[in-house]
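It should be emphasised that the depicted structure is a prediction, and the values quoted were computed from it without experimental measurement. Remember, it's 1-based here, ligands and their atoms both numbered in the order they're listed.
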Amino acid sequence: MPKAELHCHIEGAASTDLVRRQAQKYGVDMEHLIDGQRFVWNDFTSFLTAYDAAAALFRTEEDYALLAQSYLVSIAEEGAIYSEVFISPDHATRAGLSPQAYVDGLGEGIRRARESHGIEGRLIITCVRHFDAGAAIDVARFAASQPHAFVTGFGMGGDERIGSHADFARAFDIARDAGLGITTHAGEIAGPDSIRDALDHVRPTRLGHGVRAIEDPALVEQLAREEIVLEVCPGSNVSLSVFSGFDDHPFRALRDAGVRVTLNADDPPYFATSLGAEYAIAQTEFGLSDDDLLATTRTALEAAFVDEETRAALLAKL
Ligand code: ADE
Ligand code: ZN
């Protein structure tokens, strides 16, 4: 089954083994945050703390090349033909690396994975909602002036409970005016109002998560009508207790209501998942057929932030 993903945070894709090796390399004690093959966290706040601590262990261009390469190779081995990764120059800056070296390193990792495994990859530059809105403008300006061919989108992650998309509207305007695709996290930890807030202020064509739209039928109708594509991350949602289990997850209901949905792993090792595991969940828990899964891959490729020639080549693989 050819697979494609639109929503994976590169810092959140580092396996516990890789993070352990990086901790050793830089002489940092991470044992309180890693237990065997698990990162230690118990709610959204402690998840973000563990994530930020692991991210701080990637400090050089080659660290990021290795991270992107190892992640893309791992999903290519599960059948992925395309991956869009969220990247965060703020995390690189905090780790002492320039945004340009960060992008160049990640781009090199994508290039290596494409050469060895044929997987295509693109980079979505994100700002971080719980850092600050002023920094977001700098990140957007960097994204807008970014000549790297793999940088094709702009978005925002981080703690949805803080502030409003209105605080970031200017940053998104800068990115949109530069021709970048727009996506943002909303409707994951916060409810339908957070989705309306995102739609009103930053006009995304896609939403990270968006699943809590299910609490508001008029909003579900709007998402379907406006063909907003949801980057759904079922394993992440259940791990973070957004829903109590896959039985309660709205993937199927949103899809049946005509919303364009895709499958994604978000931060795979944090949620004991992978892109392949998400496709398996969709089949066993949501009852999707092989044709349905293929259609989900098609939706992801149709919504991907790539040039039309690359899109056509990817769609031809289906
Ligand atoms: N950053 C990394 N993972 C995230 C998530 N699931 N929600 C918001 N921000 C994130
Ligand atoms: Zn996410």
Residues His9 and Asp267: side-chain donor-acceptor under 3.5 angstrom: no
Winner among His91, Glu188, His130 once heavy atoms are compared against atom 7 (N) of ligand 1: Glu188
His185 NE2 and Asp266 OD1 subtending at the Zn ion (ligand 2) (10° steps): 170°
Side chain, backbone, both or neither: Phe271 near ligand 1, heavy atoms under 4.0 Å: neither
Any Phe86 heavy atom less than 4.0 Å from ligand 1: no
Closest protein heavy atom (residue, atom, distance) for atom 9 (N) of ligand 1: Gly158 N, 2.8 Å
Metal check, the Zn ion (ligand 2) vs His7 N/O/S, cut-off below 2.8 Å: yes
Asp267 near the Zn ion (ligand 2) via N/O/S, less than 2.8 Å: no
Any N/O pair Gly157/ligand 1 closer than 3.5 Å: no
Contact atoms of ligand 1, heavy-atom distance to Phe44 under 4.0 Å: 7 (N), 8 (C)
Sub-4.0 Å heavy-atom contact, Phe47 with ligand 1: yes
From CA spacing to verdict: side chain to side chain donor-acceptor pair (under 3.5 Å), Thr262, Glu231: CA-CA 5 Å; Thr262 62; Glu231 303 154 3; over 6 Å; no
Salt bridge (Lys or Arg N to Asp or Glu O under 4.0 Å) between Arg114 and Glu120, worked out: CA-CA 6 Å; Arg114 178 166 70 184; Glu120 195 68 63; 2.8 Å; yes
For atom 6 (N) of ligand 1, closest protein heavy-atom neighbour: Asp266 OD2, 2.8 Å
Heteroatom distance test (Asp267, ligand 1): nitrogen or oxygen, under 3.5 angstrom: yes
Residue pair Asp173, Arg170: steps toward the salt bridge (Lys or Arg N to Asp or Glu O under 4.0 Å) verdict: CA-CA 5 Å; Asp173 285 346; Arg170 173 91 192 102; 5.1 Å; no
Test item: side-chain donor near acceptor, Thr49 and Asp52, under 3.5 Å: no
Short N/O/S contact of His9 with the Zn ion (ligand 2) (below 2.8 Å): yes
Identity and distance of the protein heavy atom lying nearest atom 1 (N) of ligand 1: His9 CE1, 3.5 Å
Note: Arg111-Glu108 ion pair, threshold 4.0 Å (strictly below): yes
Validation row: Asp159, Phe44 side chains within 4.5 angstrom (heavy atoms): yes
Short side-chain donor-acceptor distance under 3.5 Å, Ser88 and Glu11: no
Residue pair Phe172, His201: steps toward the ring pair (Phe, Tyr, Trp, His ring centres under 6.0 Å) verdict: CA-CA 9 Å; Phe172 278 89; His201 295 293; over 10 Å; no
